[in-house]
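Structure record follows, encoded as C-alpha coordinates.
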Amino acid sequence: MMSKILVSACLMGHAVRYDGRAKPLVHPAIERWMQEGLIVTICPEMSAGMPVPRPPAEIGDAADGEDVLAGVARVVELTGGDVTEEFLRAAENAVRLATDNGCRYALLIDGSPSCGSGFIYDGSFSGSRRAGNGVTAAALKQAGIEVFSDREIDRLIERIGVNGTAAGDAGGR
(Lines give C-alpha, C1' and ligand atoms only; values in the text may rest on other atoms or scores of the structure.)
Protein backbone atom coordinates (compact mmCIF):
# COMPACT_ATOMS: atom_id res chain seq x y z
CA MET A 1 0.00 0.00 0.00
CA MET A 2 1.27 3.43 -0.90
CA SER A 3 2.07 5.89 1.87
CA LYS A 4 -0.01 9.02 2.05
CA ILE A 5 1.34 12.45 1.17
CA LEU A 6 0.84 15.58 3.26
CA VAL A 7 0.25 18.49 0.86
CA SER A 8 0.11 22.25 1.47
CA ALA A 9 -3.53 23.35 1.13
CA CYS A 10 -2.59 26.28 -1.12
CA LEU A 11 -1.14 23.81 -3.63
CA MET A 12 -4.52 22.06 -3.69
CA GLY A 13 -6.25 25.30 -4.69
CA HIS A 14 -7.37 26.50 -1.27
CA ALA A 15 -7.10 30.29 -0.82
CA VAL A 16 -5.20 30.08 2.46
CA ARG A 17 -1.94 31.92 1.79
CA TYR A 18 -1.09 35.05 3.78
CA ASP A 19 -2.40 37.18 0.89
CA GLY A 20 -5.69 35.25 0.68
CA ARG A 21 -4.71 33.44 -2.50
CA ALA A 22 -4.06 29.88 -3.57
CA LYS A 23 -1.10 28.66 -5.59
CA PRO A 24 -2.51 25.51 -7.22
CA LEU A 25 -0.09 22.88 -8.41
CA VAL A 26 -1.59 21.29 -11.51
CA HIS A 27 0.02 17.94 -12.23
CA PRO A 28 -1.37 14.55 -13.32
CA ALA A 29 0.17 12.90 -10.25
CA ILE A 30 -1.84 15.18 -7.95
CA GLU A 31 -5.04 14.16 -9.74
CA ARG A 32 -4.14 10.46 -9.47
CA TRP A 33 -3.16 10.71 -5.80
CA MET A 34 -6.44 12.51 -5.04
CA GLN A 35 -8.44 9.76 -6.76
CA GLU A 36 -6.49 7.14 -4.83
CA GLY A 37 -7.18 8.91 -1.51
CA LEU A 38 -3.49 9.45 -0.80
CA ILE A 39 -3.47 13.20 -0.22
CA VAL A 40 -3.81 14.68 3.24
CA THR A 41 -4.17 18.47 3.03
CA ILE A 42 -3.16 21.08 5.59
CA CYS A 43 -2.46 24.78 5.87
CA PRO A 44 -0.28 24.74 8.98
CA GLU A 45 -0.88 28.41 9.77
CA MET A 46 -4.67 28.05 9.54
CA SER A 47 -4.51 24.91 11.70
CA ALA A 48 -2.91 27.12 14.37
CA GLY A 49 -5.74 29.64 14.14
CA MET A 50 -4.06 32.27 11.98
CA PRO A 51 -6.43 34.30 9.78
CA VAL A 52 -6.57 34.71 6.02
CA PRO A 53 -5.42 37.16 4.91
CA ARG A 54 -2.66 37.86 7.43
CA PRO A 55 0.45 40.04 7.43
CA PRO A 56 3.46 38.54 5.65
CA ALA A 57 5.85 36.80 8.05
CA GLU A 58 9.49 35.76 7.79
CA ILE A 59 11.98 34.04 10.05
CA GLY A 60 14.13 36.82 11.46
CA ASP A 61 17.87 37.36 11.44
CA ALA A 62 18.55 35.17 8.39
CA ALA A 63 17.74 32.11 10.50
CA ASP A 64 15.67 29.07 9.49
CA GLY A 65 13.03 26.69 10.78
CA GLU A 66 15.54 24.54 12.63
CA ASP A 67 16.62 27.65 14.55
CA VAL A 68 12.99 28.43 15.43
CA LEU A 69 12.45 24.86 16.65
CA ALA A 70 15.62 25.16 18.75
CA GLY A 71 14.30 28.35 20.33
CA VAL A 72 17.03 30.62 18.98
CA ALA A 73 15.07 32.43 16.25
CA ARG A 74 11.66 34.07 15.92
CA VAL A 75 9.02 34.37 13.21
CA VAL A 76 7.92 37.98 12.81
CA GLU A 77 5.32 39.74 10.73
CA LEU A 78 6.02 42.72 8.52
CA THR A 79 4.03 44.72 11.10
CA GLY A 80 6.50 43.67 13.82
CA GLY A 81 4.21 41.13 15.49
CA ASP A 82 5.87 38.00 16.85
CA VAL A 83 4.06 34.89 15.56
CA THR A 84 6.64 32.32 16.64
CA GLU A 85 4.23 30.47 18.93
CA GLU A 86 1.64 30.20 16.15
CA PHE A 87 4.24 28.80 13.74
CA LEU A 88 5.44 26.29 16.34
CA ARG A 89 1.84 25.17 16.95
CA ALA A 90 1.33 24.97 13.16
CA ALA A 91 4.38 22.72 12.81
CA GLU A 92 3.21 20.51 15.68
CA ASN A 93 -0.24 20.21 14.06
CA ALA A 94 1.28 19.25 10.71
CA VAL A 95 3.52 16.59 12.23
CA ARG A 96 0.60 15.14 14.20
CA LEU A 97 -1.66 15.08 11.12
CA ALA A 98 1.06 13.46 9.00
CA THR A 99 1.89 10.77 11.54
CA ASP A 100 -1.75 10.07 12.41
CA ASN A 101 -2.49 9.53 8.70
CA GLY A 102 0.58 7.50 7.77
CA CYS A 103 2.20 10.17 5.62
CA ARG A 104 5.81 9.34 4.83
CA TYR A 105 6.11 12.22 2.37
CA ALA A 106 5.17 15.89 2.31
CA LEU A 107 4.76 18.17 -0.71
CA LEU A 108 4.98 21.76 0.48
CA ILE A 109 4.92 25.23 -1.06
CA ASP A 110 8.41 26.68 -1.22
CA GLY A 111 9.36 30.08 0.18
CA SER A 112 6.97 30.00 3.12
CA PRO A 113 8.33 30.56 6.64
CA SER A 114 6.26 27.50 7.50
CA CYS A 115 6.39 25.18 4.48
CA GLY A 116 9.52 26.30 2.62
CA SER A 117 11.97 23.46 2.08
CA GLY A 118 14.25 24.64 -0.70
CA PHE A 119 14.26 28.32 0.13
CA ILE A 120 12.83 30.80 2.58
CA TYR A 121 12.99 34.57 2.73
CA ASP A 122 15.84 36.03 4.77
CA GLY A 123 13.84 38.00 7.33
CA SER A 124 14.47 41.42 5.82
CA PHE A 125 11.12 41.62 3.94
CA SER A 126 13.12 42.74 0.91
CA GLY A 127 12.33 39.72 -1.26
CA SER A 128 15.80 38.25 -0.67
CA ARG A 129 15.82 34.47 -0.52
CA ARG A 130 18.16 32.02 1.10
CA ALA A 131 18.43 28.25 1.23
CA GLY A 132 16.64 26.79 4.21
CA ASN A 133 13.57 25.18 5.73
CA GLY A 134 10.50 26.79 7.19
CA VAL A 135 9.32 25.76 10.65
CA THR A 136 6.83 23.09 9.52
CA ALA A 137 9.22 21.64 6.92
CA ALA A 138 11.97 21.41 9.56
CA ALA A 139 9.62 19.73 12.06
CA LEU A 140 8.41 17.22 9.48
CA LYS A 141 11.99 16.35 8.55
CA GLN A 142 12.88 15.92 12.22
CA ALA A 143 9.91 13.52 12.49
CA GLY A 144 11.33 11.40 9.66
CA ILE A 145 8.96 12.57 6.93
CA GLU A 146 10.57 13.23 3.56
CA VAL A 147 9.81 16.77 2.44
CA PHE A 148 9.63 17.93 -1.17
CA SER A 149 8.94 21.44 -2.47
CA ASP A 150 6.31 22.08 -5.12
CA ARG A 151 9.19 22.44 -7.61
CA GLU A 152 10.31 18.90 -6.77
CA ILE A 153 7.14 16.97 -7.61
CA ASP A 154 8.94 14.92 -10.26
CA ARG A 155 11.56 13.94 -7.68
CA LEU A 156 8.76 12.92 -5.29
CA ILE A 157 7.15 10.80 -8.02
CA GLU A 158 10.50 9.13 -8.65
CA ARG A 159 11.05 8.58 -4.92
CA ILE A 160 7.63 7.00 -4.42
CA GLY A 161 8.09 4.77 -7.43
CA VAL A 162 5.61 3.17 -9.75
CA ASN A 163 4.12 0.77 -7.22
CA GLY A 164 3.88 3.33 -4.45
CA THR A 165 6.78 2.14 -2.35
CA ALA A 166 10.17 3.71 -2.13
CA ALA A 167 13.13 1.77 -3.42
CA GLY A 168 14.19 -0.70 -0.76
CA ASP A 169 10.95 -0.19 1.19
CA ALA A 170 9.18 -3.37 2.21
CA GLY A 171 5.66 -2.51 1.21
CA GLY A 172 5.32 1.02 2.55
CA ARG A 173 3.23 1.92 5.58
Side-chain angles (χ1 to χ4, degrees), residues 3-27 29-31 33-34 37-60 63-71 73-123 125 127 129 132-153 156:
S3 298
K4 291 188 177 181
I5 306 159
L6 186 72
V7 181
S8 295
C10 60
L11 294 175
M12 298 304 297
H14 300 274
V16 295
R17 291 171 42 95
Y18 76 93
D19 58 5
R21 296 182 180 172
K23 197 168 187 181
L25 178 60
V26 178
H27 193 285
I30 297 285
E31 296 291 324
W33 295 333
M34 281 179 46
L38 299 175
I39 291 183
V40 176
T41 304
I42 188 171
C43 172
E45 295 93 327
M46 285 197 67
S47 80
M50 296 182 78
V52 174
R54 56 189 171 271
E58 295 185 7
I59 299 171
D64 61 20
E66 286 85 358
D67 296 323
V68 175
L69 292 173
R74 310 298 291 167
V75 183
V76 295
E77 295 174 326
L78 178 61
T79 60
D82 186 326
V83 289
T84 305
E85 291 307 314
E86 290 89 337
F87 274 75
L88 289 169
R89 189 166 44 254
E92 181 181 301
N93 292 344
V95 168
R96 185 179 314 108
L97 182 66
T99 56
D100 287 353
N101 284 280
C103 299
R104 292 194 48 219
Y105 309 101
L107 182 63
L108 306 177
I109 185 74
D110 222 353
S112 160
S114 183
C115 294
S117 63
F119 75 89
I120 55 175
Y121 292 92
D122 71 359
F125 294 96
R129 304 194 289 188
N133 294 308
V135 183
T136 293
L140 289 166
K141 286 180 179 185
Q142 286 181 6
I145 296 163
E146 291 185 62
V147 176
F148 298 82
S149 80
D150 54 307
R151 296 173 296 109
E152 298 176 307
I153 189 167
L156 172 58

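Basis for what follows: all heavy atoms, side chains included, without hydrogens, waters or symmetry-related copies. The residues of the chain are indexed from 1 along the displayed sequence.
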With a 4.5 Å limit on heavy-atom distance, are the side chains of [X] and [Y] in contact?
X      : Y      : value
Thr136 : Ile42  : no
Ser8   : Leu108 : yes
Leu69  : Val135 : yes
Leu107 : Leu25  : yes
Arg17  : Val52  : no
Val83  : Glu45  : no
Ile120 : Pro113 : no
Asn101 : Leu6   : no

Look up atom [atom1] in [X] and atom [atom2] in [Y], then write down how far apart they are to the nearest 0.5 Å.
X      : Y      : atom1 : atom2 : result
Arg104 : Lys4   : CZ    : NZ    : 14.5 Å
Thr99  : Ile145 : OG1   : CD1   : 6.0 Å
Thr84  : Arg74  : OG1   : CZ    : 3.5 Å
Phe125 : Thr79  : CZ    : OG1   : 8.0 Å
Glu66  : Lys141 : CD    : NZ    : 7.0 Å

Qualifying residues under side-chain hydrogen bond (donor to acceptor under 3.5 Å, both in side chains), relative to Asp150, sequence neighbours excluded: none
Side chain to side chain contact (heavy atoms under 4.5 Å, CB included) evaluation trace for Leu38 with Tyr105: CA-CA 10 Å; Leu38 299 175; Tyr105 309 101; over 6 Å; no
Stepwise side chain to side chain contact (heavy atoms under 4.5 Å, CB included) check, Leu156 with Ile5: CA-CA 10 Å; Leu156 172 58; Ile5 306 159; 4.2 Å; yes
Full working for side chain to side chain contact (heavy atoms under 4.5 Å, CB included) between Ile59 and Asp67: CA-CA 9 Å; Ile59 299 171; Asp67 296 323; 5.8 Å; no
Carboxylate-amine/guanidinium proximity below 4.0 Å for Glu92 and Arg96: yes
